[in-house]
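The structure appears right after this line, and notes come after that.
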2 protein chains.
Amino acid sequence: MTTTTLDQTDLQLLRLIQKDASLTNKQLGLKLHKAGNTIFNRVERLKEIGYIIGTLTIINREKLGEMLTSFTSIQLKDHSTQSLKNFEQEVVKFTEVMECYHMTGDFDFILKIVVSNMQAYKEFVVNRLANLPDVGTVRSQFVINEAKRELAYTLEMPPFHANGQ
Amino acid sequence: MTTTTLDQTDLQLLRLIQKDASLTNKQLGLKLHKAGNTIFNRVERLKEIGYIIGTLTIINREKLGEMLTSFTSIQLKDHSTQSLKNFEQEVVKFTEVMECYHMTGDFDFILKIVVSNMQAYKEFVVNRLANLPDVGTVRSQFVINEAKRELAYTLEMPPFHANGQ
DNA sequence: CTTTCAAACAGAATTAAATTCTTTAAAGTG
DNA sequence: CACTTTAAAGAATTTAATTCTGTTTGAAAG
């Protein structure tokens, strides 16, 4: 029924809404030289074919009190597929673990951990993180300052297009 | 005029909208046992006093072609305030650098870099990143798999409240 | 070259949500 | 107790979202 490929207008649209979801269809239409209706239809299509996942509100977390952020690297004692899967499955359950990446290099995982202070961090690592099976070395690096945190990707027209994957 | 402190309803509201900005005021009101109107007023207030920064659309970046993500650590040759400021100021200008954190530990900065493939990564590091002043050691760790990436914070009632900071 | 079909679009019509306005009730203050 | 302030609800209004319909365009078919 509908094509799963994007044209330049779709890309422009994605670029705009990934920075600001509060723009109305009319406003977007003005920028892209289309009717508000047309924007609406395109956005619906982009949702259907999976380019748009959802929409969220960015909160100023700093206003809600103390915050300590760490990038914590984990090296497992055992590198079997089972151990890796196991650790990953468990570690993502912690609400303190905002992000978890399986990585190349000396350490197996990088976790972004957000807690309220060093006391809470210590409690978390010692009593909970280190208790997961096969956890070997844990290296903690703390954020002194967040200089940039961009959520919107630079969207480039892919050279191929026609992949609905 | 308006209080800058949050009550439980405000926190609930923030928890809900930081996960889904497409909920209508009426829907939110139903969940929180308030009128749609009341939700509207609260959200307006939360914007005014700076708890709500904005709203954005999450794009499925994977559908737009190849992607290689790296956590790249940088050690500067010189650790003077001036060098740090200088580096930070310049590095955040690169669109490939999605995130930049000033860190404790052996390395001064951690950068989250997103490019389309290893060729582009090499080009970026060699021709651009390494050319910034005072760049010493560069350590690249690549993401094999993203197991978790949560943008919504766990919002807890702060023990103090009354800070409009 | 003409016909046919499908897609993108614009504009009107409709529905639903956002926003404003007014009133009420509760809570705090002197 | 009178006075003020605040949160909230409900009605009224404005604006945006959504649906519907007709037109245009371009590509494919004959």
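In this text, all values refer to a predicted model and were calculated from it rather than measured experimentally. We name chains A, B, ... by the order of the sequence lines, and we start the count at 1 in each one.
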(message) Quick one: does any side-chain atom of B:Asn60 pair with a main-chain N or O of A:Gly50 as donor and acceptor, under 3.5 Å?
(response) yes
(request) Using atom CD1 of B:Ile39 as one end and atom C1' of C:dT19 as the other, report the distance to the nearest whole Å. (result) 15 Å
(request) Grab the CG-C1' distance between B:Asp7 and C:dA27 for me, whole Å please. (result) 15 Å
(message) Taking A:Lys112 first and then B:Glu150, would you say they form a salt bridge - that is, a charged N and a carboxylate O separated by under 4.0 Å?
(response) no
(request) May I have the distance from B:Leu32 (atom CG) to D:dA9 (atom C1'), rounded to whole angstrom? (result) 15 Å
(request) Kindly compute the distance separating CD1 (B:Ile58) from CD1 (A:Ile52), expressed to the nearest 0.5 Å. (result) 11.0 Å
(request) In whole angstrom, give the distance that lies between atom NZ of B:Lys34 and atom C1' of C:dA25. (result) 13 Å
(request) Find out whether B:Ile59 and A:Leu46 are in side-chain contact, i.e. whether some heavy atom of one side chain is under 4.5 Å from a heavy atom of the other. (result) no
(request) Figure out the CG/P separation between B:Leu13 and D:dA7, and round it to whole Å. (result) 14 Å
(message) Closest-nucleotide mapping onto DNA chain D: is B:Ala35 or A:Gln27 further toward the 5' terminus? I mean the 5' end.
(response) B:Ala35
(request) Considering just the side-chain nitrogens and oxygens of A:Arg42, establish if one lies under 4.0 Å of OP1 or OP2 belonging to C:dC9. (result) yes
(request) Look up atom CE in B:Met98 and atom OG in B:Ser70, then write down how far apart they are to the nearest 0.5 Å. (result) 13.0 Å
(message) Distance check needed: D:dT6 P versus B:Asp10 CG, whole Å only.
(response) 15 Å
(request) List, by chain and then residue number, the residues other than B:Val115 in its hydrophobic cluster (Ile/Leu/Val/Met/Phe/Trp/Tyr, side-chain heavy atoms under 4.5 Å); write none if there are no others. (result) B:Leu68, B:Ile74, B:Leu76, B:Leu84, B:Phe87, B:Val91, B:Val92, B:Phe94, B:Val97, B:Phe109, B:Leu111, B:Ile113, B:Met118, B:Tyr121, B:Phe124, B:Val125, B:Leu129, B:Leu132, B:Val135, B:Val138, B:Phe142
(request) Would you check if the side chain of B:Asn41 reaches a backbone N or O of B:Thr38 as a donor-acceptor pair within less than 3.5 Å? (result) no
(message) Tell me the closest heavy-atom pair linking B:Gln18 and B:Tyr153, and the distance in Å.
(response) OE1-O, 2.6 Å
(message) Could you tell me how far apart A:Leu6 (CG) and C:dA7 (P) are, to the nearest whole angstrom?
(response) 16 Å
(message) Nearest whole Å is fine: how far is D:dA7 C1' from B:Arg45 CZ?
(response) 10 Å
Could you go over nucleotides 17-19 of chain D and give all protein N or O partners under 3.5 Å, atom names and distances?
{"from": "D:dA17", "atom 1": "OP2", "to": "A:Asn25", "atom 2": "N", "distance (Å)": "3.2"}

(message) Looking at every heavy atom in both A:Ser73 and A:Gln141, which two are closest together, and how far apart are they?
(response) OG-NE2, 4.2 Å
(request) Please state whether the phosphate of C:dA8, meaning OP1 or OP2, lies under 4.0 angstrom from any side-chain nitrogen or oxygen of A:Thr38. (result) no
(message) Let me check I have this right: for DNA chain D, each base becomes ., (, ), [, ] or |, based on Watson-Crick or G-U pairs with both distances under 3.5 Å. What is the full string?
(response) ||||||||||||||||||||||||||||||
